[in-house]
Amino acid sequence: MNPKILILIAILVLAGVGIWLAIQTEKATQPEISIESGKEEKPEITLISVYDNYLVDTKLKTSWGFATIIKTPEELILFDTGGNSEILLSNMEKLGIDPASIRKIVISHIHDDHVGGLKGFLERNNNVTVFIPSSFPQSIKNMITQKKARFVEISASRKISDSIYTTGELYGPPEEQSLVIDSKKGLVIITGCAHPGIVNIVRRAKKLMGKDKVYLVLGGFHQPAISCIKEFKELGVEKVAPSHCTGDLARDAFRREYGENFIEYGVGKVIEIR
Ligand SMILES: [Zn+2]
Ligand SMILES: [Zn+2]
């Protein structure tokens, strides 16, 4: 064979091997799961207390219970309904929030100071999906259906809205779900009564989201031991807004320890996260 042709074949083979190697190297440097690019822009979130036994806006009514509205650029979510729908709807009206603008309701747990306002709310607006712990009794499921609203039973963690997740039903009784918002500033954790333990909930939320930065923990902390403040600091919780069933003793201790990072949360309080 002509030596020139042999050299040409050798060059072509070597070039082929070179290209193959380059492709393999390229493959090896790419992550296994492609991370969605351009999805990093997180929405602005506004939290509005519409029901609490602590008062911030004196035009509003307080009562034992908890309800907070989470406003995203896409929608309004009502987390818990307080114990009395008249108080809930009257506070919402004074804050300029139309009940018809709410499409999703999340109920943390079975206690009346969280679910008591649901029936009256559904009589005003039944075009909603209610996310309830799956352990809820049939009577509540029947009531939601009778009011011609929809319900979704929650046991495991899942997405509720863009950037908003439920922890899933955590152990009880009573079984309880909390919300976790993946905000621009870090995780925002919202609890109803924190019956599964506020520190446990923060730990669970961090693990579920695979994120370390906790910007804010807000809601009822259920009279925790004062030592939980040290655990909060160890968990890297930046701001706290304890209200409802936290108890004055623990609330005052959080206020002292957190200083300017303590938020006076109560009915009428508006927190913007941007
Ligand atoms: Zn409770
Ligand atoms: Zn409660």
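As the structure lists them, so they are numbered: ligands from 1, and atoms in each ligand from 1. On a predicted model such as this, the values are computed, not experimentally measured, just so you know.
Taking the Zn ion (ligand 2) as reference, the nearest N/O/S atom within D113 carries the name OD2. Of all N, O or S atoms in H244, the one lying closest to the Zn ion (ligand 2) is NE2. For H111, the N, O or S atom closest to the Zn ion (ligand 1) goes by the atom name ND1.
Not a single N, O or S atom of H222, from either the backbone or the side chain, sits less than 2.8 Å from the Zn ion (ligand 1). The Zn ion (ligand 2) has an N, O or S atom of C193 closer than 2.8 Å. Note on H195: counted as a metal contact of the Zn ion (ligand 1), an N/O/S atom lying under 2.8 Å. H114 lies close to the Zn ion (ligand 2), since one of its N, O or S atoms is found at a distance under 2.8 Å.
Within the cation-pi definition used here (under 6.0 Å to the ring centroid, within 45° of the axis), K233 qualifies as a partner of Y258.
For an aromatic pair to be called close, the ring centres must be under 6.0 Å apart, and F66 with Y54 fails this.
Within 6.0 Å of NZ on K213 lie more than 12 heavy atoms contributed by other residues, nucleotides or ligands. More than 12 heavy-atom neighbours from other residues, nucleotides or ligands sit within 6.0 angstrom of CD1 on I226.
In this structure, R251 pairs ionically with E264, as a charged nitrogen and a carboxylate oxygen lie closer than 4.0 Å. For R203 and E231, the salt-bridge test passes: some basic side-chain N is under 4.0 Å from an acidic carboxylate O.
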